[in-house]
Amino acid sequence: MSAEFVELGDLSDLRDGRMKVFSDLGLHGVIVCRIGGTLHAVENNCSHRDTPLADGRLRGALITCPLHGAQFDVRTGAHQGPPAFAPIACYAVTESDGVASIQLDD
Ligand code: FES
């Protein structure tokens, strides 16, 4: 499996605790959010029943699915318990000279 790097542009205006959706990335789109000053990225899809997580709520590092309330850690993609039983994809994001880039798997 090889890695694909995609430029996301200048995300310096993405404030702590806020998220932005890139719907054209990956299979379901990607959520990029800033937590404690650092950018994180996860797929925009709940592993329980394929629901866009971007319609949910981000509190701290946990995003809550709007449909049945499953929670995922945006730093790792790990699920926090039922009703989800699987993690979501998590992607590495870098920020350099005002440009954010994400590393997607092919
Ligand atoms: S679809 Fe997300 S918790 Fe059920």
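For ligands, and for the atoms within them, numbers begin at 1 and follow the listed sequence.
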Legend entry - For Asp50, side-chain hydrogen bond (donor to acceptor under 3.5 Å, both in side chains) partners two or more places apart: Asn45

Inset, instruction - Answer yes if Val30 and Leu11 sit in the same cluster of Ile, Leu, Val, Met, Phe, Trp and Tyr residues linked by side chain heavy atoms under 4.5 Å apart, and no otherwise. - result: yes

Atom pairs and distances, donor-acceptor, side-chain atoms in residues 57-78, under 3.5 Å, two or more places apart:
| from | atom 1 | to | atom 2 | distance (Å) |
| --- | --- | --- | --- | --- |
| Thr64 | OG1 | Gln71 | NE2 | 3.0 |
| His68 | ND1 | His48 | ND1 | 3.1 |
| Asp73 | OD1 | Arg75 | N | 2.8 |
| Asp73 | OD1 | Arg75 | NE | 3.0 |
| Asp73 | OD2 | Arg75 | NE | 3.4 |
| Asp73 | OD2 | Arg75 | NH2 | 2.7 |
| Thr76 | OG1 | Ala78 | N | 3.1 |

Legend entry - Under 2.8 Å from atom 4 (Fe) of ligand 1 - protein N/O/S, by chain and number: His48 ND1, His68 ND1

Inset, instruction - Establish whether Ile31 and Leu39 are linked, either directly or via other cluster members, by ILVMFWY side-chain heavy-atom contacts under 4.5 Å. - result: no

Identify every side-chain donor-acceptor pair in residues 13-23 under 3.5 Å, counting partners at least two apart or on other chains, and give the distances.
| from | atom 1 | to | atom 2 | distance (Å) |
| --- | --- | --- | --- | --- |
| Asp16 | OD1 | Gly36 | N | 3.2 |
| Asp16 | OD1 | Gly37 | N | 2.7 |
| Asp16 | OD2 | Gly36 | N | 3.1 |

Inset, instruction - State yes or no: do Val32 and Ile35 share one hydrophobic cluster built from I, L, V, M, F, W and Y residues joined by side-chain heavy-atom distances below 4.5 Å, directly or via other members? - result: no

